[in-house]
**Student:** 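Please find one structure pasted underneath; my questions will follow.
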Amino acid sequence: MKKKLVMIGNGMAGVRTIEELLKLQPDGYEITIFGNEPHPNYNRIMLSTVLQGDKSIDDIIMNDWDWYKSNDIQLFAGEEVVEIDKEKKQVISEQGRKVDYDELIIATGSSSFILPVPGSDKKGVVGFRDIHDCEMMIKDSRKYKKAAVIGGGLLGLEAARGLLNLGMEVDIVHLMPHLMERQLDETASGMLKKELENQGMNFLLEKQTQEILGEERVTGLRFSDGTEIQADLVVMAVGIRPNVQLAKDSGIYVNRGIVVNDYMETDVPNIYAVGECAEHREIVYGLVAPLYEQGKVLAANLAGVSANPYEGTICGTQLKVSGCDLFSAGEIGDDEGTKSIKVHNEFDGIYKKVVIRDNRIAGIVLYGDTKDSNRLFRMLTKREDISGMTSVSILEASGCCGGGEAGDVAAMADDELVCGCNGVTKGTIVDAIRTNELTTVDEVGGCTNAGRSCGRCKSLISDILAYTLGDQYDTSAKKAGICGCTTLSKDEIVAEIRAKGLTNVREVMNVLGWSQEEGCSKCRPAINYYLGMVNFDGYKDERDSRLVNEKMHANIQKDGTYSVVPRMYGGVTTAADLKKIAEVAEKYDVPLVKLTGGQRIGLFGVNKEDLPAMWEDLGMPSGYAYGKTLRTVKTCVGEKFCRFGTQDSMGLGIELEKKFERLDTPHKVKMGVSACPRNCAESGIKDIGFVGVDGGWEIYIGGNGGTDLRAADLLETVKTKEEALEITGAYLQYYRETAAYLERTAPWLERMGLDHVKEVLADENMRKQLNERLDMTLERYKEPWQEAITDNGIKEKYYQVRKVTVE
Amino acid sequence: MMMKETMVRIKLTDFDSLPVGAGQAVTVNGENIVLFRIYNGEVKAVENRSPHRKGGTLADALVSGKFIYCPVYDLKISLEDGKVQAPDTGEVKTFKVEVIENEVYLQI
Ligand SMILES: Cc1cc2nc3c(=O)[nH]c(=O)nc-3n(C[C@H](O)[C@H](O)[C@H](O)COP(=O)(O)OP(=O)(O)OC[C@H]3O[C@@H](n4cnc5c(N)ncnc54)[C@H](O)[C@@H]3O)c2cc1C
Ligand code: SF4
Ligand code: FES
């Protein structure tokens, strides 16, 4: 019969111990776990990121319910153990459940220490320890504005950052004259304070909280110097207190924590303690790295495998607040016995200090640049003799010129720590990659646990992957599929569509083995585009695979209303059209009428059920202000009116827009036509732009006025309008055939190279063929607004809103 | 147990009139709901509100299997439990829908 193992506490250290045990001896025990939180095991460290809004609670679950099931572990979640009966070898839960054990692990962790000042029991006073605390802060932030965090240590600062992100004003109250005084010296602490003040935190240093004010709910704090501040939420982050009451009541020897020996055994036979509730050689740890080491030793002990005893850990610390890169370990102060090397570059905000005692590194403080932390920390933990080294070589990694990340990886010794939280070295990771053919950071985590706690080491793991796999990693990275549903690249998909003669989206996904049967919002529009590009002769567009704006033929706004922008070829309109637009705006109560950046009139804030009727009243074609297609052709007034113009810019613009409107392109395309080099239509930042010069047009390509500004490149100069249209057709078609979906012409041109594109477009035969395919493609488009007005099916499917009432 | 007895069934529409793959917005007694007839033939209903903090509606979402992609912010939302899929977060209410002889009913 299997022995019975019971564990009290379902937290990080405890569950890690079980994981290690299952690795050593999968069937050794019948395992029961009690956890008084109603969740499966989660990554407590990541609560800071949950509060800061970067992760959700689901994201931080480490072992979900299925994990317990598949490992045959009986989990009682949300059930507290209230008694340990040593004699009967039995634990009893608050619900009265009794479970026998042969071996018992106590892994009850710790709780937030709540200052015993008057008022600390008021509503709105929380610790920062578990999901419940986190949820409460998030909820309160919706109602209240002012928060105070008591405690300027690691946890307090992470909480403060989260509260700022939640839109609260935050005061941080700290007893000491500087922040994180246990990890940072004055200089580093001052730099940190400045950075955090820039981020919007307000510090009240050397303040001792005397009372928490308020009736039922907190309204403020009073300090021992008599001053007061307002606060509607108070977060206590002044320390933790090991959860030892249960052990104490059961007669297990407890000092500050549950006292254990080097094998995590308490003074009672068959009872062990691990994690933040345990005290080992007079130290109670509060970071996972040492706790995981303890877990490993305990697992070996339970599995009956011989292992080295646990002898204590030196901890390194970093802060999980963006904008603050800091690392600290060991002794940070100076005394007679120490010397230190310091670099302080105020200009770049970098500070490094290495404290040396007896020719060995005894402490490290890094601020602003922590890339040497692993190397220095290893030298510290290994007690490496550094007498032969110069101060520069201690502070700077080996290698002549600093080197890039990849170079650093090559220079790393095999026994150098990569993941501090889980104690995983480079050698272990490289071995795992080689023996198990791993290719992703997650897989490395699955095999070695590296990266599974605070996540700080993930970029280093990815560098190690790149370094170990060499070219293989590179190609697999380049080959990353167009979305999570496939590993195929754009080129492979297009090639398969051509080779296999695929004609619709479902077919592509079926034949090419999509992982999500009906695809996602990334691949569906892309496949639809590629299909339409390849099957230019009459492809039947798949409307439900379109991005929303193209599906609805109007631009969705953030409140779910739409905008209507009629075509206005070349930015030219008539008095009659203006009147009509005005009437429609009035009739439908359009909240905003605005001239757009592309020389047209936009009607914004329209309910979708009004769209078809508005289009009908307008009687104008759709302006495609929403499409991955030709948007507008912006023109200047040119020779007809302007005294500088030498060309008919409006004429060319209108012709271009009429010829290429509705054409599907990988991304939106904008054009501009100016009649002289003064360039009033800003043709130099368009996907294709024309500038009139004496006797012809200069044609510019690949410009962009959007997020990544790019000035267009001169393609060539042509004499006639006909030539300009022909070149434009060839250029657009070549872009259509070679760009990835959602790749605009500017990055496309950089990728292809201007010379290459010039060469292709200079080839007369090529130009002709491109234009032929383009012309055939253009045949298949219909005016979408007209279609929606006349086709009841479309109207009902996309635009109707039903109302149902019951008495 | 009381809950079950007071449950009501509201007729929304005919099954046949529900298009496949595009959400249909309905307002039931002032509550905004959106129905999806998904490709496998089931009908799902969720509250017609994007879980994104900036709001928006879900009727024009892209439908894929038992998931929809919010049209405004591209959040992936399960039609089974209303949960937004990682890395995004949030949740929308889901409603029980029954199809009985070509008629679509909402249970509340
Ligand atoms: C916000 C935050 C940020 C952190 N950041 C970092 C970091 O960056 N790096 C780092 O190394 N560490 C960090 N830590 C610390 C780290 O999370 C802890 O060191 C670690 O979780 C301790 O593991 P444990 O298993 O000992 O305790 P816990 O993970 O706390 O688990 C103990 C569990 O036992 C339960 N329990 C207690 N008594 C009973 C009972 N009688 N019956 C049933 N269940 C019981 C508790 O409710 C709890 O769920 C952070 C902690 C917090 C709160
Ligand atoms: S670009 Fe030249 S022709 Fe056109 S409006 Fe400006 S100045 Fe006049
Ligand atoms: S260093 Fe924290 S997970 Fe690797």
**Student:** Top residue by heavy-atom pair count (under 4.5 Å) with chain A, among Thr27(B), Val26(B), Asp74(B), Thr89(B)?
**Tutor:** Thr27(B)

**Student:** Quick one: what part of Lys551(A) sits under 4.5 Å from any heavy atom of chain B, side chain, backbone, both or neither?
**Tutor:** side chain

**Student:** Under 6.0 Å from the ring centre and within 45 degrees of the ring axis: does the NZ or CZ of Lys76(B) meet both conditions for the six-membered ring of Tyr69(B)?
**Tutor:** no

**Student:** Side chain from CB out, backbone as N, CA, C, O: work out which of these in Tyr562(A) comes under 4.5 Å of a heavy atom of chain B, or both, or neither.
**Tutor:** side chain

**Student:** Do Glu42(B) and Arg37(B) meet the salt-bridge criterion of a basic N to acidic O distance under 4.0 Å?
**Tutor:** no

**Student:** Which bit of Arg546(A) is near chain B, if near means a heavy-atom gap under 4.5 Å: side chain, backbone, both or neither?
**Tutor:** backbone

**Student:** Ion pair present between Glu542(A) and Arg506(A), side-chain N to carboxylate O less than 4.0 angstrom?
**Tutor:** no

**Student:** Please classify the contact between Gln557(A) and chain B as side chain, backbone, both or neither, with a heavy-atom cut-off of under 4.5 Å.
**Tutor:** backbone

**Student:** Step by step, would you call Glu518(A) with Arg524(A) a salt bridge (charged side-chain N to carboxylate O under 4.0 Å, His left out)?
**Tutor:** CA-CA 8 Å; Glu518(A) 291 169 13; Arg524(A) 288 239 310 256; 5.0 Å; no

**Student:** For Tyr105(B) and Glu103(B), test the side chains for any donor-to-acceptor distance below 3.5 angstrom and give the result as yes or no.
**Tutor:** yes

**Student:** With a 4.5 angstrom heavy-atom cut-off, is it the side chain or the backbone of Val63(B) that approaches chain A, or both, or neither?
**Tutor:** backbone

**Student:** May I ask you to name which of Gly793(A), Gly519(A), Gly560(A) has the most heavy-atom pairs under 4.5 Å with chain B?
**Tutor:** Gly519(A)

**Student:** Heavy-atom distance under 4.5 Å between the side chains of Ile77(B) and Leu58(B), does that happen here?
**Tutor:** yes

**Student:** Which region of Asp544(A), side chain (C-beta onward) or backbone (N, CA, C, O), has a non-hydrogen atom less than 4.5 Å from a non-hydrogen atom of chain B, or is it both or neither?
**Tutor:** both

**Student:** Tell me whether Lys11(B) is salt-bridged to Glu98(B), with the criterion being a basic N under 4.0 Å from an acidic carboxylate O.
**Tutor:** no

**Student:** Ser50(B) versus chain A, heavy atoms under 4.5 Å apart: side chain, backbone, both or neither?
**Tutor:** neither

**Student:** Looking at Asp60(B), Ile68(B), Leu62(B), which has the largest count of heavy-atom pairs under 4.5 Å with chain A?
**Tutor:** Asp60(B)

**Student:** Salt-bridged, Lys628(A) to Asp664(A), with N to O below 4.0 Å?
**Tutor:** no

**Student:** Under 4.5 Å heavy-atom distance to chain A, tell me which part of Val34(B) shows up: side chain, backbone, both or neither.
**Tutor:** neither

**Student:** Please flag which part of Thr561(A) lies under 4.5 Å from any non-hydrogen atom of chain B: side chain, backbone, both or neither.
**Tutor:** neither

